[in-house]
Amino acid sequence: MKNRTPEEGRTALTDDAERNRLLAEMAEQSTDMISRHTPEDWRFIYASPAVTHLLGYSVEEIVGISAYDLYHPDDVEDFRLRAPTVNYDRGLYTHTYRFRCKDGHYTWLESTSRTIRDPETNEIREILVVSRDASHRVKADKASRRLARVLESTQDLVIFANLDFTVSHLNETARNALELEHTDYSAFPLSCFVTEKGLTTLMEEGFPTAKKTGNWRGELTMQSLKSARIPVMLELLAHRSLHGDIEYFSLVAHDLTEKKAAEEQLKQYQADINHASRLVTMGELASSLAHELNQPLSAMVNYLRGIERRFADKPILSWSDVELPITRSIKTALRAGEIIHRMMDFTRKQEPVVTRLSLPELIGEMIDFCENMAERHNVRIVFEQPSELPLVKGDKIQLEQVLLNLIVNAIEASASTDDEEATTTVTISVKPHENAQLRVEVDDQGRGVSESDMARLFDRFFSTKEAGLGMGLAISRSLVENLEGELWVENIPAGGARFSFTLNIAD
Ligand code: ADP
């Protein structure tokens, strides 16, 4: 090290004093904290007044404290490793770290450090540091990193699109689903990833709505580069700058493939069970149907025998001799045909069609359908209805199914009373219900429902009957609920059970 002459020493001192004065003046005004430190242990030689705002210390308090004592314990090692870079390299260094305030809490500082060297000896004299509060930035960085991680790892497809509808970013789920793993997708138009119909929906409805209100939500079908179709629920957001101009769009698409498949499966399952249950109900009704068909068939045999007899008596017959038995046979044959049709209708598998239906008409038909069965069980079916009733919303075959289940159950329950010979009554009534609904009640005079069965009555496969399938009530309830109605049971105080269900009145 070169020794200074006294003259040189004095000049250095004046330079130092001048620099310090300038620095102090600048520092006084600055909202950033300017500080000077000893090179060995970074002790504060000086700190500008901003130290009070940033760290809570007064200028006098902080002087003499080593910065190492205020670093967060987790950052100290990092500092020790980096110190040589500041000391021996280019001497300029920016770092973001935690620093302890006077009240003990840590704040984030962003500091730029610079070594001040003796121009002659090149020895480090001190370190000059400019620090500013970085807690907001660190918090914002953390939040956006967290957000980015969520976006990247969510199971939804996330796509960012420019104003010209080209893609700027896709998250991993989107890249996988759209089969883009090794493709450079930047500037791909969105139209590559939605079906033609989906694109029309987006262009005519999605983007205009998002531009107007900020967001749009709707179902559409996306497609991968290899044309795999993905049904999605899409949330489209328009992102604006501080000035209010739209800068870009984000599309968050929730894959509905599994949901759709499950819905389809459930529908299929429901349809199969429904069909099976109708066949079972049909089985229960088979004997009465046989009886129903037997009657017109034997009537026809009688008419034809009558014609045969007339021929035997008088080989040449005029039309008037046979007109009556022939027209009666035709009528009876048609009636038998109707019975068979009704049976086929009832057992046919078909998609539900919701229409406006007259409940009294439907109930009347179902009572006719069960008349023979009721007669055999000594049950009388009575239908009570107010004169004026609005139409309801429902699928005809489904409602027939519900009514039939309840009426057949009521007949069977009535028939199982102790006195099998006594005639009992099943009463069906339709009443106005709250919330623009009608309520159908099917009352019987059977034993009612025991407390222990009450909770399980609507469970699938719950049956107390020897040959019962236990699907009737479960299916009836789900059919009624599908139509936004309810189906429930209660015991009638005078004896017997009352099954009630509600249906929406048609507009
Ligand atoms: P299943 O008629 O094949 O048994 P359901 O689901 O129609 O199937 O009925 C389930 C059970 O509910 C019946 O086995 C019976 O125990 C009870 N149940 C149904 N209707 C009545 C009723 N009107 N009175 C008393 N119990 C009934």
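Heavy atoms only: backbone and side chains are in, while hydrogens, waters and symmetry mates are out.
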### side-chain hydrogen bond (donor to acceptor under 3.5 Å, both in side chains) between N405 and S476, intermediate numbers included
CA-CA 7 Å; N405 277 332; S476 299; 2.8 Å; yes
* To do: State whether F462 and R456 meet the cation-pi test: NZ (Lys) or CZ (Arg) under 6.0 Å from the six-membered ring centroid, and within 45° of the perpendicular axis.
  => no
State, yes or no, whether a side-chain contact exists between [X] and [Y] at a heavy-atom distance under 4.5 Å.
X	Y	answer
L362	L403	yes
T221	V194	no
K396	E365	yes
T195	R229	yes

If you round to the nearest 0.5 Å, how far is [atom2] of [Y] from [atom1] of [X]?
X	Y	atom1	atom2	answer
E371	I411	CD	CD1	8.5 Å
E172	L180	CD	CG	12.5 Å
I330	Y303	CD1	OH	12.0 Å
F499	I428	CZ	CD1	13.0 Å

Going by distance alone, is a donor N or O of one side chain under 3.5 Å from an acceptor N or O of the other, for [X] and [Y]?
X	Y	answer
T427	D443	no
E179	S224	yes
D103	H105	yes
N504	Q437	yes
S318	D321	yes

By side chain to side chain contact (heavy atoms under 4.5 Å, CB included), N302 pairs with (sequence neighbours left out) none
Do the rings of H239 and Y248 sit parallel, tilted or perpendicular, given the 30° and 60° boundaries?
parallel
The complete set of ring pair (Phe, Tyr, Trp, His ring centres under 6.0 Å) pairs with one or both residues in residues 203-228, sequence neighbours excluded, reads F165-F207, F207-F249
Residues 198-223 vs salt bridge (Lys or Arg N to Asp or Glu O under 4.0 Å), sequence neighbours excluded, gives R217-E235, E219-K260
### Message
Run the side-chain contact (heavy atoms from CB on, under 4.5 Å) test on V379 and T423 for me, step by step, so that the C-alpha distance in whole Å, both residues' side-chain angles and the decisive distance to 0.1 Å come before the verdict.
### Response
CA-CA 5 Å; V379 175; T423 301; over 6 Å; no
Notebook entry, point to check: Hey, do the aromatic rings of F99 and Y97 have their centres closer than 6.0 Å?
Noted result: yes
